[in-house]
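Below, chain A is the first sequence line, B the second, and so on; all start at residue 1.
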Protein chains: 2
Amino acid sequence: MSRRRVTLADLAQAAGVSRTTASLVMTGRGRELRISHDVEQRVLRAADELGYRPNAVSVGLRTGTSRTIGFVSDTVATSRLAGDMIKGALEAARERGVMLFIGETEGDPDLERGLLHAMQDRQVDGIILAAMFTRTIKVPKDIGPAVLLNALPKPASGLPSIVPDEVEAGRSAARVLLDAGHRDGVYLIGAGPRLRDGPVDSVAAVERLQGIRDSGLKIAGARACPDWQPEEGLAATRALLAEHRPKALICLNDRLALGAYQALQDAGLSVPDDVSVVSFDDHPIASWLRPKLTTVALPYYELGRKAVEVLFAQMGEESEPGQVHRVAMPVRLRESVKPR
Amino acid sequence: MSRRRVTLADLAQAAGVSRTTASLVMTGRGRELRISHDVEQRVLRAADELGYRPNAVSVGLRTGTSRTIGFVSDTVATSRLAGDMIKGALEAARERGVMLFIGETEGDPDLERGLLHAMQDRQVDGIILAAMFTRTIKVPKDIGPAVLLNALPKPASGLPSIVPDEVEAGRSAARVLLDAGHRDGVYLIGAGPRLRDGPVDSVAAVERLQGIRDSGLKIAGARACPDWQPEEGLAATRALLAEHRPKALICLNDRLALGAYQALQDAGLSVPDDVSVVSFDDHPIASWLRPKLTTVALPYYELGRKAVEVLFAQMGEESEPGQVHRVAMPVRLRESVKPR
DNA sequence: TCGCATCGCTAATCCGATTTAGCAAAGGGA
DNA sequence: TCCCTTTGCTAAATCGGATTAGCGATGCGA
């Protein structure tokens with residue numbers, strides 16, 4: 001039904017010139033190599049009429065570049081989180097006329113190797129290695145141009161990393177309470193009081209705690225949770241309420257906050273009249289909860305964009321090896337914090 | 001640092017044979033074309049030692065096939081929904097040794113054209129056209145082998161479609177209540193009572209209503225909502241409670257159910273003791289809510305898998321044109337329905 | 001011993017572009 | 001008029017494989 005693609009040879013014939021000339025015109029090197037304006041127009045017109053588009057595979061073989069990058073994640077593509085990360089990467093890629101391969105490794109090293117090979121075999125120009133949760137990862141050998149997204153290389157690899165600025169986010173969360181006049185009665189749900197009290201391997205836990213500590217806000221107490229799920233937030237807050245009467249809660253993420261809301265409600269306490277709540281992530285539920293949850297957002301979209309930008313910068317010129325790019329986490333002021 | 005890739009020529013030289021012979025052995029046509037067992041082993045061993053992997057771009061140019069398919073969605077890749085759809089497609093693709101390009105059109109026809117071109121220029125073997133919500137879409141001309149995912153072609157196009165079986169889902173939801181002994185006092189939140197009372201263009205609304213009607217379950221009343229957001233569920237349920245005392249609610253999706261939960265709670269009604277709630281989608285919040293929400297799941301993962309399977313079947317032999325594949329929507333029995 | 005089939009492998013071509021090297025014609029200076 | 005540039009374009013090589021056509025050596029029957 002649809003007939004054969006128009007090739008450079010077809011175009012050359014239609015314009016009455018050689019393939020070389022047609023190619024020179026189409027790649028914009030006509031001026032440089034002294035193709036007359038007349039011939040140039042002839043080729044351009046023919047290309048337009050025939051709807052000529054260069055075969056990217058052929059170009060790839062000849063030039064070694066495919067205008068394609070690979071997005072390899074552990075399992076991020078499936079979670080809501082990843083959605084925006086991929087979206088950011090996708091848009092930044094589109095602006096540069098580049099396509100995106102995606103793949104998930106499920107944390108399986110064999111799958112990862114297979115995926116990377118499949119991408120390298122297709123001559124991707126670069127690779128984005130993404131992680132679901134901010135964490136350290138081991139970078140495979142001979143990966144070529146690459147950046148780490150939401151991850152840091154375990155043995156230093158010289159590859160650039162893009163991560164959310166969690167320490168500053170911790171400060172931001174604390175500052176929200178400070179600005180609202182909270183000086184005491186502030187409790188942590190999910191981690192703390194010591195930096196190591198929280199989910200293992202969680203960069204977010206440690207850095208958020210660090211930021212909160214930096215802020216100078218006095219923390220009255222804390223309940224650690226191993227997995228940051230809603231039930232844990234519920235249990236931790238319930239346990240907390242059994243002993244104390246908090247004026248404000250910093251939940252280490254929104255799922256914990258969801259549980260905390262339930263516990264507060266069960267205890268007949270009002271948010272934010274009795275207890276202010278601040279959280280992290282800006283998960284979709286944050287704006288569905290009532291009152292809407294004030295939270296410090298994970299900038300997934302921006303992280304994805306930035307990954308592509310840094311990857312291109314790296315492919316272009318020499319850049320400082322191993323640079324860590326921290327993306328700001330914006331505060332979403334909503335309804336769960338009240339001045340006192 | 002990392003040296004040049006191993007090419008077929010390198011392999012041939014290392015094994016002391018011609019490129020032709022090396023190629024024949026590596027593509028498994030050695031037997032067929034009478035390459036001796038001895039030489040075959042020599043080539044295989046050399047390939048192993050050198051770590052030879054054929055350059056997929058070159059193979060693509062020569063054979064015209066790229067072992068790559070394109071996944072084009074309106075904006076599905078960003079939503080939680082899409083996550084699983086992509087994941088299903090990804091796994092089915094990996095099982096077949098195929099890579100996935102992804103792209104989002106944002107509903108912009110120009111972007112869509114550009115994306116499709118970019119993919120065709122890279123010689124994708126087929127394309128999956130996916131939609132965020134089940135709906136009808138206009139299929140571009142000359143798209144080549146393709147399938148519609150979560151969508152139906154507006155002017156019939158002959159392309160196969162993969163959609164969730166919403167009518168059966170409607171029956172399932174009603175059956176859950178019937179099985180629990182509910183015969184009256186059942187209200188709808190989000191759409192109905194007439195088939196056209198619901199969000200415009202929503203295939204889900206119409207078909208779910210149809211299924212509910214098919215079930216024989218008597219519906220006492222309904223409140224339509226235009227956008228199926230939590231606030232609308234809250235408002236609709238509140239309005240309903242002002243006039244009636246429902247025994248059970250069928251919410252047309254989980255976000256509406258979230259709002260309904262809040263309204264019921266505000267009214268001092270208990271789920272499921274006073275009111276049973278059934279819903280659709282199996283959004284992540286469904287299992288976070290308390291009590292956990294019984295809902296009929298959108299089988300995103302299976303939809304994604306099926307799309308790849310159907311695409312391959314279509315690329316293979318002749319298949320019945322325009323076939324519609326309906327994927328079952330499983331009931332997730334949880335805690336929000338109580339027998340009476 | 002000749003002719004023909006079979007065996008085992010390879011030379012050459014092709015896919016669709018980019019790129020290098022160079023050729024024929026026109027122009028300019030001596 | 002001759003030689004040398006410059007102009008404007010093209011032939012041919014290349015990328016890395018798959019594939020077609022065919023070549024030399026051996027075996028076998030007559």
* What nucleic acid atoms does A:Val57 come within less than 4.0 Å of, heavy atoms only: base, sugar-phosphate, or nothing? -> nothing
* At under 4.0 Å between heavy atoms, what does A:Thr63 touch on the DNA or RNA strands: base, sugar-phosphate, or nothing? -> sugar-phosphate
Whole angstrom is fine here: how far is it from [atom1] in [X] over to [atom2] in [N]?
X        : N      : atom1 : atom2 : answer
A:Arg29  : D:dC9  : CZ    : P     : 16 Å
B:Arg62  : C:dA17 : CZ    : P     : 16 Å
A:Arg67  : C:dA17 : CZ    : P     : 17 Å
B:Leu11  : D:dG17 : CG    : P     : 9 Å
A:Gln120 : D:dG16 : CD    : P     : 16 Å
A:Asp10  : C:dG16 : CG    : P     : 9 Å
B:Arg19  : C:dA11 : CZ    : P     : 9 Å
A:Glu32  : C:dT18 : CD    : C1'   : 13 Å

I want to verify a distance call: between [options], whose nearest atom is closest to the [X] side chain?
X       : options                : value
A:Leu61 : C:dT20, D:dT19, D:dC15 : D:dC15
A:Ser58 : D:dA18, C:dA17, D:dG16 : C:dA17
B:Thr27 : D:dC15, D:dA18, D:dG17 : D:dA18
A:Ile35 : D:dT10, C:dC14, D:dA13 : D:dT10
B:Arg34 : C:dC9, D:dT19, C:dA17  : C:dC9
A:Asn55 : D:dG8, C:dT19, C:dA17  : C:dA17

Test item: [X] side-chain N/O and [Y] main-chain N/O as donor-acceptor pair under 3.5 Å:
X        : Y        : answer
A:Asp74  : A:Ala131 : no
A:Arg29  : A:Val25  : no
A:Ser66  : A:Gln123 : yes
A:Asp121 : B:Asn55  : no

Reckon [X] has a side-chain N or O less than 4.0 Å from the OP1 or OP2 of [N]?
X       : N      : result
B:Thr21 : C:dC9  : no
A:Ser36 : D:dC9  : yes
A:Thr20 : D:dT10 : no

* To do: Inspect the contact between B:Glu309 and B:Arg305 and indicate whether a charged nitrogen and a carboxylate oxygen are less than 4.0 angstrom apart.
  => yes
* To do: Map B:Val17 and A:Met26 onto DNA chain C by nearest heavy atom, then report which one ends up closer to the 5' terminus.
  => B:Val17
* Hey, does B:Asp10 have a side-chain heavy atom less than 4.5 Å from the side chain of B:Arg4? -> yes
* Closer to the 5' end of DNA chain D via nearest nucleotide, is it A:Gln123 or A:Ser18? -> A:Ser18
